[in-house]
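The structure appears below as structure tokens.
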Amino acid sequence: MKSILDLVRGNIKSLKPYSSARDEYKDIAINDMIFLDANENPFENGVNRYPDPQQLTVKKVLATIKNVNKKNILLGNGSDEILDLLFRAFCEPNKDNIITLPPTYGMYSVLASLNAIEDRKVLLSTDFQPQIQQILATVDDNSKILFVCSPNNPSGNSFSEEVIETLLKKFQGLVVIDEAYIDFSKQESWLKKLNEYPNLVITQTLSKAYGMAGIRLGICYASEEIIQILNNIKPPYNINELTQQKALERLQDKEGVAQEIETILFERNQLAIALRSISFIEKIYESDANFILIKVDDANKRYNELIEKGIVIRNRTSQPLCENTLRLTVGTRKENEKLIKVLKEI
Ligand SMILES: *Cc1c(COP(=O)(O)O)cnc(C)c1O
């Protein structure tokens, strides 16, 4: 592959990052220091100081849990901020392109439009796997990022490891593996290959398995070189103090998180079984995540009927390869039972 520096936009290469007061003097933990450097209000209320711009405590805990070096971690205001930083660092507006594999997560395409980047879509196969030949035939010198979502949203399946490995070897730009649902998956994270592939970028999030969608914390793992570039362009205080505190608490509750994941997976399997008895459901797709994609007789009709009964699901019928499909998030036992009851009634 090309070197990372060859992939970076010219203006980013020469950028001199903003240096915040707290970047220059980090050791806020030292109690007898007097901080008169950042124009803060001096009266303590728990959040009167700017947060750590490098989130070192959170990164330290994450590094231990995930068995990576903290220099390979960047945190974002949700994965969405991380994805946006990747565009801004590597994709030259009105010139470069990205490759996406629909049906998949909608943000890649939205961010491409927002950043004036061409989105070259290469459909998954009918069994929702990437089509290597078609992808490689679509790539050119300006293809900077390939987005691989595994487990994939909305199909719910994981991609074959061999296929992903081939793409990592053959694609000349960055391969971003979006692992938002990895904690539900039978497959292992690609984190173990971080040192093997300099073009590998992995994103994860606290929004799904960790149950913290409200605090907005996304995680990016990549080579030190890539992390450094993203660090240079991120807003200095992108992770607020309350988010850092909440994230720390939750990350340290390993058993609590594991227990919830186990429960959700159990409930997902129960739900999949119960769905089989609904006459208008034509197909229940295999899921490696915390949601199930189903094919029905008439997605718009069934979607509206559920709304009328007070249940909101996601209608995916307009997505390629997803005609008449609905995506159901696994809820609590009670919620899932209500869903099944309503599905039987309509
Ligand atoms: C839910 C989801 C995310 C999470 O994004 P956040 O901004 O971290 O909440 C990322 N990628 C995919 C594929 C998702 O489904």
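Index from 1, following the sequence. Order of listing sets the numbers, starting from 1, for every ligand and every atom in it.
- Protein residues having a heavy atom under 4.0 Å from any atom of ligand 1 are Gly78, Ser79, Asp80, Tyr105, Cys149, Asn153, Asp178, Ala180, Tyr181, Thr205, Ser207, Lys208, Arg216, listed by chain and number.
- With respect to Arg9 and Asp96, no salt bridge is recorded, no charged nitrogen being found less than 4.0 Å from a carboxylate O.
- Salt-bridge annotation for Glu118 and Lys95: absent, with no side-chain N of the basic residue lying under 4.0 Å from a carboxylate O of the acidic one.
- Arg327 places no side-chain N or O within 3.5 Å of a backbone atom of Phe291 that could act as its donor or acceptor partner.
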*Derivation of the salt bridge (Lys or Arg N to Asp or Glu O under 4.0 Å) call for Arg120 and Asp140*: CA-CA 10 Å; Arg120 297 194 173 176; Asp140 66 16; 3.0 Å; yes
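- Here Asp288 pairs with Lys186 in a salt bridge; the nearest charged N to carboxylate O distance falls below 4.0 Å.
- Seen from the ring of Phe35, Arg49 does not count as a face-on cation partner, given the 6.0 Å and 45° thresholds.
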